[in-house]
Amino acid sequence: MRKIKITETALRDAHQSLIATRMRLDEMTPIIEQLDNIGYHSLEAWGGATFDACIRFLNEDPWERLRVIKSLAKKTPLQMLLRGQNLLGYKHYADDVVEYFVQKAVANGMDIIRIFDALNDPRNVETAIKACKKEGGHAQATVCYTTSPVHTLELFVKDAQRLESMGADSLCIKDMAGLLIPYAAYDLIKAIRENVKIPLALHTHYTSGVGSMTYLKAIEAGIDIIDCAISPMSMGTSQPPTEAFVATLKDTQYDTGLDLNKLSDIAEYFRPLREKYIASGLLDTKILGVDVNALKYQVPGGMLSNLISQLKQANASDKYDEVLNEVPRVRKDFGYSPLVTPTSQIIGTQAVMNVITGERYKMVPKESKAVIKGEYGQTPAPIPADILKKILGDEAQITCRPADLIAPELESTREKMKEYLQQEEDVLTYALLPQVAEAFFKMRRDGFPAPAPTPAAAEPAKKAEGSTNGAVTAAISAAVAVISEEDGMQYEIKSIRPAGISPWVLSGRLKM
Ligand code: CO
């Protein structure tokens, strides 16, 4: 008997993946106590993009959301997703900010912190793991799954062992793009299971239609925990459905022990919500289908749709095949980084630029240069010498842990935002997303517009100019806009985004 545990993602990844993270706290609260009574391994309810979405779109204090959820879910551990040294923002933060953030997350009710790094560079997760353990939290370290010539079973096992030896309490294999197919999952989980002792969790997305089969093979290979979403919030770009697993595993050696009738009541609650999201345009039914391209090209489905949007903006849709061929070449040049926020956007953008300008690396955005330079950490494979020379010239690569170059920033942040401080946690909100936080704090002080804005699912895109320059500018804007949608970085790129092109027109589907 090996009881399989389920993490329910309805309150975080499911709505991040299906409705761009727009589920509001008042839509969650009526069902949380029922969720708490199911007996899930954990409720994923915070982190990822929820923090950003709370202050940017929902006029909600993310810390208050965490406290409210905790007050209603007293029995089930709460779980969050944390981007290692990037926390819930989009750059590396100083260690003092990372440590304080983790301390406050645990103090406000977080139990399990899933910590990942886009490059699988263990140095970028070490501070967060240590801080989590120090605060008495459960540190779940993460291996991001991807496919490349260097991503062998041996490499994944080595990554997993390194994280275990760092003190991780459990390990997540994170298939953020839905690329992990069933038999590959079997081999991967089996290899890791044979070499690490801590519990193993698997995270996937249903994007390519194989998610449930992947979980089943992973269960046979020794996985302990799977991430599922209650059926109305499942499938498509979200997770496989919870009820399907409870039924599939019932009366087998893997029986979850969860009550299908109780789950059915929960589905009953979410079903009208789903209808509401579809009616408002927040849930685009297109993303509920099977994205075959994800399987065909081994790149995340969302990345492909972003590329199509970028090319359309640049009036260069005919270049799609060329760009598709360019993506793996850029990825190779960039040391075979996993395609996850932010590397997926950076590599996709560079591929579009390489094709549209007609010369590889004629234009290199600062994010591309930062990856090559080592500012995001060590890439899985070394950057080829000719690319180093072309992009960095005589500049040297960074070989230390990127955060080693960042001076403590907690106190200077506090100084900058002290006029807005109402709770200690506000310092962290500001440290992570300064401009969005400031706008949020001002509204909190002066009164939120009522009712809070309901975000439009998509705004019409302004046609780009036909000239080459116009096309390139539009491509860059579009590319950067993709980063914005996923990363919330639009405050950094306003200066190069021509007016009229909304950062939200390219509804990214690349999820974490
Ligand atoms: Co995810």
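Both ligands and their constituent atoms are indexed starting at 1 by order of listing.
- Electrostatic pairing of Asp224 and Arg193 counts as a salt bridge here, judged by a charged N lying under 4.0 Å from a carboxylate O.
- Side-chain contact of His92 with Asn86: a donor-acceptor pair under 3.5 Å is present, judged by distance alone.
- Its N, O or S atom nearest to the Co ion (ligand 1) is what matters here, and for His203 that atom is NE2.
- The N, O or S atom of Asp13 with the smallest distance to the Co ion (ligand 1) is OD2.
- Arg22 forms a cation-pi arrangement with Phe57, by the criterion of a distance under 6.0 Å to the ring centre and an angle within 45° of the ring axis.
- For residue Asp227, no N/O/S atom approaches the Co ion (ligand 1) to within less than 2.8 Å.
- A donor-acceptor pair under 3.5 Å is absent between the side-chain atoms of Ser264 and the main chain of Leu260, judged by distance alone.
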